[in-house]
Amino acid sequence: MKERYDPHEIEEKWQRKWAESKIFQPEPDAREKFFITIPYPYLNGNLHAGHTRTFTIGDVIARFKRMQGYNVLFPMGFHATGTPIVGLAEQIQKKDPETIRVYNKLHEIPMDVLDTIQTPEQIVGYFSREAEAAMKSIGFSIDWRRKFTTTDPHYIKFITWQFNLLHEKNKVVRGAHPVRWCPNDENPVEDHDILKGEDATIIDYTLIKFELDGDILPCATLRPETVFGVTNLWVNPKNDHVRIKANDENWIVSKEAYLKLKFTDKKVELTGNVNSDELIGKKVKNPVTGSLVLVLPASFVSPDNGSGIVMSVPAHAPYDYLALRDLKGTDLTGYGMTEDVSGIPLISLIKVPEYGKYPAVDAVNELKVKDQNDPKAEEATKLVYRREFHGGVLTETTGKYAGMAVSKIKDVLTRDLIDRGIADVFYEFSEQPVICRCGATCVIKMVENQWFLNYSDTAWKEEVYRCLGNMRIIPPEIRVDFENKIDWLKDKACARRKGLGTRLPWDREWMIESLGDSTIYMCYYIIAKYLDKFTPEQLKEDFFNYCLLGYGTPEKVAENTGIALGIIKSIRSDFEYWYPVDLRSSGKDLIPNHLLFFLFHHVAIFPEAYWPRTIAINGFVSLEGQKMSKSKGPLLTLKSAVKEYGADITRLYILSTAEHVQDADWRAADVDSTRKQVERFYKTAFDIIRSDDKDDLKLIDKWMLSRLQYRIRETTDALDKMQTRRAVQNAFYLLMNDMKWYERRGGKAARRDILGTWVRLMAPFTPHICEELWNELGSGFISLAGFPVQDAALINKGAELAEEVTANTLRDIEEILRLIKIKPKKIVLYTAATWKNTVLRKGITMKKENTLDMKNFMGALMSDPAMRAHGKDIPKFAQKVITDIQGMDSEMMNTLIEVDFDEISALREAREFLSQAVDCSIEIYSEDKPEYDPQKKSRFAAPMRPAIYIE
RNA sequence: GCGGGGGUAACCAAGCGGCCAAAGGUGCAGGACUUAAGAUCCUGUUGCGCAGGCAUUCGUGGGUUCAAAUCCCACCCCCCGCACCA
């Protein structure tokens, strides 16, 4: 080995040797298997620091498990399905300047190369080559024989089989669903297509059909239960209204609402204009209560929201109450009305703790809202809504719904009303307007005949729950996330009109959406090793049915497909060996989508024995505090990080900077300091390897070996819980500090031994440098060596206490010297008298028996004749001992009473060290027999705390 | 709004009932080494203190306990997700 640490040389060398010796290409054997997968990367860019983190965590666990003796399978593939790559190809072909800039600067693709990746196929080819090279350059222990891309013909056969199966099992069904739609492009709009209104969500209003002489006045509301409290309808005289035919009904709505309705699943046809005067002053029938109510004018009614016709519930809606109040004294005879509007009685239907019978009235008074045009009306509305939603209960007014919580009523009631034919659902953006990149205003369109995965199916959800219940989730806190998301998941459209991927086998104009085709592909890694043994055409349904599900017989499959019988049998037995997935480790962004679907599809397709075992989640990576972005920057590619720092330093840094779901922040300054630490590690190791220390083990060696056991235990425990940061802290930084102290204390004899363990402890994190060092220390690859196991026999509490006393004493002396600011001539230490140790032990014993108080303690002590000799010193000391013991944890107490610790000889062994450290001669006595004690300092000695006298 | 996570010293970040004035790293200051710089190693980094001590700290305000950064209650602030998009 070389004296100077050269990461790139070492890393290339060991990566070559790993590949040559094929040590990461596992085959089934007698060992217990461990199958770990990380979601394959999507090929619309280069791997970045986020991938680096997720994949490195996976690799560390793979290496850790391998060293623990598991037969580890860690494969990798590439995801290319969907629309982004097609879109990217179009942008590159168009030479879109922004795209060119992003891919040249952020993704570091040279301009001449960029010219050669014009088609989706070229893009996929380029990025998969780059990704593989990058993952190799950072030393991932991946079995590359099993790589594939989701656009491969073999894979398409696999997905075809899967979807046919799901279709048969009724997991794929037909339906309609609302999407954001650009009428100009005639396409659904995705987030990045939106110019304005990105945050707008689709909310569903209930449309309640009030009747007017054979016409229907639909009123959109988010609170359908308030239909029981309707006193009138509102129409804005300034708005334009139209009469339309909606399916078989005649509706009257605002002109704007008509335009929106055209995109819904209703067949609408314009049949004429309607003047506001034709509506205002008329009486309409409430379809739910049957009562007749007036249509009245109000200025707050917007034509853009809902149908443009609003039902009025003044008891619970501040706007309605205000508008009604505003009408007081207004002359309505122009509308042909003679009714006294001010006499309309309010109808209360919700009881809520914060308010009286009419919450809207109370809120308006509370906030002193002037009229319907006062901005505070909005505030009052939100306040009432919030309180009624959370604390409100429906009253008798609502008939059979009385007693229900407001928060629970909406879906139930809407369902009931739709079933009775007196309501509909109407979708509306939560914010308006929503503008497409092309400049057009977006609408909500019902996409018909869409294919769905019916995730909302409760029986299916139950199975997923059961699966989750038997799984390990890391970290455990996020289990509740999964539970919530399972509840929340609705049917998911699983087909698209464009993009790369697999066609829906029974409806070939649709492409299978790309999240659906990546749910059970982990089992495909098992097949992927054999791809040269058959053509895609040979992969018929019964091949998968047998190999993955065990249906049928291998002989029949061989006959039917022409695939060699032996191959079919091998694949099936490989599957039975490797499956299920033991660990799927992923970034937290995939929880509400991919990981959820991963579970759903596994429970739908496989028997319980093959359901996933563990999911682990990690957070994102930011750069110098800034959020990373593939499309906007900043971006740090894996390739450039490794190029600059080397694989081991990059790995160690990214693992040590954050734990679990926390986001990691990549800071160049900190990476630099990691590099220094790694260099120091290398230098320390180099010195030890070069040296030739043979000596008997001293107390300090025993201390160091004892510390090492503790670090082994912590590192192992941390890795079991996938706490990479804690693992690195223990295996690297804390152990490094132990080594510093050990060397400072003159430790030598155990160094080589310790290094052998240390290097193995570090091997999962920094495998290359550890191979290089192991090459000098052990035999074979360290990647295949045994992970250190704690040796309880090497734990030496006595040695640890000795070092603790030494270190504490040194600190005390230094503190005193700092304060008195003199150059000492001589320092004298006095260890505590025997009787004080006896008192301490007695105190601890009594504490453990829960009998320790001053009275008991004194009684017990004074009953001992040997103690009475110190009678006058005992009370004060006993008091101090009680206080000290109160602050001790049980481990410390046990150590102090169980370990036979000779304080004075420990200090004597450390005398030379202490003396050098403070540059002064040191004498050590026991308080029992202080040969030199001019200031009577020895009486201040306490166990583990020698008295100090400085001349 | 709903759901989840989080607020700890100059900064990042551990700790989640007791050796906690609080791990580790960074930064800063001092010292050792060196011709010097760098690297490395020590020491310090809330305040006060000429004997190892004391006082006050862990978002804010209350409470429980012999003992709270850690448990309970209320409040304030920050971050993330809410879909048909990978």
Side-chain angles (χ1 to χ4, degrees), chain A residues 39 41-42 44 79 81-85 177-180 188 190-193 201-202 382 385-386 389-390 407 430 447 450 452-453 477-478 480-481 484-485 487-496 499 513-516 518 588-594 596 619-620 625 627 630 656-665 667 669-670 672-674 676-677 679-680 683 725-726 728-730 732-734 736-737 740 743-744 804 808-809 811-822 853 882-893 917 935 937 940 944-950:
Chain A
Y42 192 75
N44 67 339
H79 198 196
T81 326
T83 52
I85 290 172
H177 84 296
V179 295
R180 289 184 300 207
E190 294 160 20
D191 270 349
H192 58 265
D193 291 329
T201 56
I202 297 176
K382 283 187 174 147
Y385 183 86
R386 191 163 61 232
F389 184 83
H390 289 110
S407 56
S430 63
V447 177
Q450 170 68 280
F452 287 90
L453 283 157
E477 306 90 83
I478 57 161
V480 63
D481 270 310
N484 290 342
K485 298 299 181 198
D487 274 343
W488 153 94
L489 194 64
K490 300 190 185 121
D491 287 355
K492 165 136 177 53
C494 63
R496 299 221 58 187
E513 190 274 327
S514 74
L515 284 168
S518 54
K588 61 184 173 187
D589 50 327
L590 300 187
I591 297 174
N593 42 70
H594 164 70
L596 217 47
F620 304 138
K627 210 167 158 177
K630 277 204 254 193
S656 66
T657 187
E659 200 86 285
H660 285 328
V661 293
Q662 290 172 337
D663 292 344
D665 191 25
R667 303 179 187 210
D670 289 357
D672 266 331
S673 91
T674 301
K676 284 177 195 161
Q677 305 273 24
E679 281 167 359
R680 178 159 63 184
K683 186 180 182 307
R725 179 187 156 85
R726 181 174 152 231
V728 169
Q729 286 285 327
N730 278 281
F732 193 58
Y733 290 100
L734 296 177
M736 178 98 77
N737 287 347
K740 272 194 223 169
E743 293 196 12
R744 193 178 165 205
E804 201 176 322
N808 287 345
T809 305
R811 198 176 322 120
D812 283 350
I813 295 172
E814 283 176 337
E815 184 171 354
I816 297 168
L817 289 177
R818 208 176 308 124
L819 283 170
I820 61 178
K821 298 189 180 75
I822 60 161
D853 63 44
I882 290 177
T883 315
D884 287 352
I885 291 173
Q886 294 286 19
M888 283 181 196
D889 60 21
S890 56
E891 197 186 330
M892 187 64 192
M893 288 195 271
Q935 288 198 2
K937 288 282 186 191
F940 296 117
M944 297 294 291
R945 202 88 208 265
I948 299 167
Y949 167 60
I950 298 179

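Lettering follows sequence order; numbering is per chain, from 1.
In this structure, A/R945 does not reach the B/C19 phosphate: none of its side-chain N or O atoms is under 4.0 Å from OP1 or OP2. When the side-chain nitrogen and oxygen atoms of A/S514 are compared with OP1 and OP2 of B/A86, one or more of them lie within a distance under 4.0 Å. An OP1 or OP2 oxygen of B/G25 is reached within less than 4.0 angstrom by no side-chain nitrogen or oxygen of A/S656. Applying the 4.0 Å criterion to OP1 and OP2 of B/A86, one finds that A/R496 has a side-chain N or O inside that range. A/N737 has no side-chain polar atom (N or O) that falls below the 4.0 Å cut-off from OP1 or OP2 of B/A23.
Separating the CZ atom of A/R726 from the C1' atom of B/G25 is a distance of 18 Å, rounded to the nearest angstrom. When rounded to the nearest whole Å, the span between CG of A/L590 and P of B/A86 equals 13 Å. Between the CG atom of A/D663 and the C1' atom of B/G4 there is a distance of 13 Å, rounded to whole Å. A/I948 has its CD1 atom 10 Å from the P atom of B/G52, to the nearest Å. We find that CD of A/E477 is positioned 22 Å from P of B/C79, with the value rounded to whole Å. If you measure from atom NZ of A/K740 to atom C1' of B/U40, you get 9 Å, rounded to the nearest angstrom. Taking atom CD of residue A/E815 and atom P of nucleotide B/C54, one finds them 11 Å apart after rounding to whole Å. The interatomic distance linking A/L819 (CG) with B/G44 (P) rounds to 12 Å, in whole Å.
When the P atom is compared between B/G17 and B/C73, the two are found 16 Å apart, to the nearest whole Å. Rounded to whole Å, the P atom of B/A36 lies 26 Å from the corresponding atom of B/G44. Atom name P, nucleotides B/A32 and B/G24: the rounded distance is 25 Å, in whole Å. Nucleotides B/A10 and B/C33, compared at atom P, are 32 Å apart to the nearest Å. Nucleotides B/U57 and B/U43 place their C1' atoms 23 Å apart, quoted to the nearest Å. Nucleotides B/U65 and B/U60 place their P atoms 23 Å apart, quoted to the nearest Å. Rounded to whole Å, the P atom of B/U40 lies 35 Å from the corresponding atom of B/G49. Between B/U70 and B/G81, the distance separating the two C1' atoms is 29 Å to the nearest Å.
Residues A/I478 and A/K588 are not in side-chain contact: their nearest non-hydrogen atoms beyond the backbone lie 4.5 Å or more apart. Inter-residue side-chain proximity for A/S518 and A/T81 is flagged as unmet; no heavy-atom pair is nearer than 4.5 Å. Using a 4.5 Å heavy-atom cutoff, the side chains of A/T657 and A/R667 are not in contact.
At a threshold of 4.0 angstrom between heavy atoms, the contacts of A/T674 with the nucleic acid are absent. Using a 4.0 Å heavy-atom cutoff across all strands shown, A/A669 reaches no nucleic acid atom at all. Heavy atoms of A/A917 sit nowhere under 4.0 angstrom from any nucleic acid atom. Using a 4.0 Å heavy-atom distance criterion, A/D491 is classed as a base contact. Residue A/K683 is out of contact with every strand shown, counting any heavy-atom pair closer than 4.0 Å. Among the heavy atoms of the strands, none lies under 4.0 Å from A/E679. If you check every strand for non-hydrogen atoms under 4.0 Å, A/F389 touches nothing. Contacts of A/N484 with the nucleic acid, taken as non-hydrogen atoms under 4.0 Å apart, involve only primed sugar atoms and P, OP1 or OP2. Using a 4.0 Å heavy-atom criterion, one finds that A/L817 contacts no nucleic acid atom at all. Across all strands shown, A/K627 has heavy atoms under 4.0 Å from sugar-phosphate atoms exclusively, and none from any base. Among the protein residues, A/P39 comes within range of no part of the nucleic acid, since none of its heavy atoms lies under 4.0 Å from any strand. Looking at heavy-atom distances under 4.0 Å, A/Q450 makes no contact with the nucleic acid at all. Residue A/R744 is classed as a sugar-phosphate contact, given heavy-atom separations below 4.0 Å to backbone atoms only. Using a 4.0 Å heavy-atom criterion, one finds that A/L734 contacts the sugar-phosphate atoms exclusively.
For A/P84 against A/Y42, the heavy-atom pair with the smallest separation is CD-OH, 3.3 Å.
In this structure, A/Q935 contributes its side chain and A/K937 its backbone to no donor-acceptor pair below 3.5 Å. A distance-only check finds no donor-acceptor pair linking the side chain of A/Q677 to the backbone of A/Y733 [under 3.5 Å]. Although no hydrogens or angles enter the test, the distance criterion places a donor-acceptor pair under 3.5 Å between the side chain of A/D665 and the main chain of A/G625.
Among B/C85, B/U26, B/A51, the nucleotide with an atom closest to any side-chain atom of A/Q677 is B/U26. In this structure, of B/C19, B/A14, B/A51, it is B/A14 that holds the atom nearest to the side chain of A/R725. Among B/A14, B/C11, B/C85, the nucleotide with an atom closest to any side-chain atom of A/R667 is B/C11. Out of B/G25, B/G4, B/G24, the shortest distance to the side chain of A/D481 is found at B/G4. Nearest to the side-chain atoms of A/K937 among the listed nucleotides B/A83, B/A13, B/A51 stands B/A51. When distances are taken from the side chain of A/A493 to each of B/G4, B/C84, B/G25, the shortest belongs to B/C84. Of all nucleotides listed (B/A51, B/A83, B/C84), B/A83 comes nearest to the side chain of A/L489.
Summarising the base pairing, B/C2 is matched to B/G81 through a Watson-Crick or G-U wobble pair whose two defining distances lie under 3.5 Å. Summarising the base pairing, B/G18 is matched to B/C66 through a Watson-Crick or G-U wobble pair whose two defining distances lie under 3.5 Å. Base pairing of B/G24: its partner is B/C12, meeting the Watson-Crick or G-U wobble criterion (both donor-acceptor distances under 3.5 Å).
For a distance-only test at 3.5 Å, the side chain of A/E513 fails to qualify as a donor-acceptor partner of the base of B/C85.
Distance CD1/A/I948 to CD1/A/I813: 5.0 Å, rounded to 0.5 Å. Within the model, atoms CD of A/E513 and OG1 of A/T83 stand 8.5 Å from one another, a figure rounded to the nearest 0.5 Å.
The residue among A/K676 and A/K485 whose nearest nucleotide of RNA chain B is located toward the 5' end is A/K676. Along RNA chain B, the nucleotide nearest A/Q662 and the nucleotide nearest A/R180 are compared for position; the residue whose nucleotide lies closer to the 5' end is A/Q662.
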- prompt: Would A/K627 and A/D663 satisfy salt bridge (charged side-chain N to carboxylate O under 4.0 Å, His left out), going step by step from the backbone distance to the final call?
  reply: CA-CA 10 Å; A/K627 210 167 158 177; A/D663 292 344; over 6 Å; no

